[in-house]
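A quick write-up on the structure given underneath.
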Amino acid sequence: MKNSINGTWLLGIVLVFMAIFIAYITISIDYNEAYILKSKMVTIIEQYEGMNGNTVQMLNSAMRNEGYYGLLSCKSRDGEKVIGGLEDQIVVNPSQKMNYCVTRDIRYGEDATEDKYYYTVTVTFAYSVPILGDIFDFKVSGETRDIHYPHDSYF
């Protein structure tokens, strides 16, 4: 009888460690996918030098190609504009959850020719369990290199 009880405890411990290991691997893979998408989006904004019509089309195309469907709340800092993208639409200062958020930061130089613009892209991924729903919500952010003369339509 003692051996069967010890075997049950050992089986329980093994199952708990397997669940923790599987959760860790799943979160790592999801984070990697969100990180790759964020990197592609930052590259697109740098390539088109700001947020304009071509940039938005390419960002939405990258999202569809990656199969990305995460939703996050876009919050502005100190009253600055935030661009939120949901499927094929762009919303300035959105009140609903969006697929991605883009903010612009200006670092002023001594004269207007030295001003530098930086864009921050934020995407998210959620770790969800079928019955319990979303358990964790992770945000992945990245900043572009400096852009001196942005071609913006939305900021």
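Quick note: residue numbers are just sequence positions, from 1.
- With values rounded to the nearest 0.5 angstrom, Thr120 atom OG1 is found 12.0 Å from Arg104 atom CZ.
- The side-chain heavy atoms of Ser73 and Lys97, taken from C-beta on, include a pair separated by under 4.5 Å.
- Transitive grouping of hydrophobic side chains (ILVMFWY, heavy atoms separated by less than 4.5 Å) brings Val102 and Ile106 into a common cluster.
- Panel note: side chain Thr43, backbone Ser39; a donor-acceptor pair is recorded below 3.5 Å.
- Both cation-pi conditions hold for Arg107 and Tyr118: the charged atom is under 6.0 angstrom from the six-membered ring centre and inside a 45 degree cone around its axis.
- Transitive grouping of hydrophobic side chains (ILVMFWY, heavy atoms separated by less than 4.5 Å) brings Met51 and Tyr48 into a common cluster.
- By the criterion of side-chain heavy atoms lying less than 4.5 angstrom apart, applied directly or through intervening Ile, Leu, Val, Met, Phe, Trp or Tyr residues, Val91 is not grouped with Ile83; the two fall into different hydrophobic clusters.
- Looking at every heavy atom in both residues, Cys74 comes nearest to Gly84 through SG-CA, 4.1 Å.
- The two residues Phe125 and Ala34 make their nearest non-hydrogen contact at CD2-CB, 3.8 Å.
- Lys81 places a side-chain heavy atom less than 4.5 Å from the side chain of Asn93.
- Note that the CG atom of Leu15 and the CD1 atom of Ile20 stand 11.5 Å from one another [nearest 0.5 Å].
- For the residue pair Asp137/Thr124, the side-chain donor-acceptor check at 3.5 Å is satisfied.
- Partner of Met41 under the side chain to side chain contact (heavy atoms under 4.5 Å, CB included) criterion, out of Thr144, Ile36, Val123, Thr122: Val123 alone.
- Between atom NZ of residue Lys139 and atom NZ of residue Lys38 there is a gap of 15.5 Å, rounded to the nearest 0.5 Å.
- Using a 4.5 Å cut-off on side-chain heavy atoms (C-beta onward), Phe138 and Asp30 make no contact.
- Between the CZ atom of Arg64 and the CG atom of Leu59 there is a distance of 10.5 Å, given to the nearest 0.5 Å.
- Separating the OG1 atom in Thr55 from the CD1 atom in Ile90 is a distance of 9.5 Å, to the nearest 0.5 Å.
- In the displayed structure, Glu110 atom CD is contacted under 6.0 Å by at most 12 heavy atoms of other residues, nucleotides or ligands.
- Note: the hydrophobic cluster containing Met58 also contains Ile147 (ILVMFWY, side chain heavy atoms under 4.5 Å, direct or indirect links).
- Linking Ile, Leu, Val, Met, Phe, Trp and Tyr whenever their side-chain heavy atoms come within less than 4.5 Å leaves Leu86 and Val121 in two separate clusters.
- Proximity of a side-chain donor or acceptor of Asn52 to a complementary backbone N or O of Asp152 within less than 3.5 Å is not detected.
- Here the side chain of Asn32 pairs no donor or acceptor atom with the backbone of Ser28 at under 3.5 angstrom.
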**Q.** Stepwise side chain to side chain contact (heavy atoms under 4.5 Å, CB included) check, Met63 with Leu37
**A.** CA-CA 7 Å; Met63 256 185 7; Leu37 177 65; 4.2 Å; yes

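- Taking the side chain as every heavy atom from C-beta outward, Ile44 and Asn54 never approach each other to under 4.5 Å.
- Note that OH of Tyr149 and CG of Asp115 are 8.5 Å apart. Values are rounded to the nearest 0.5 Å.
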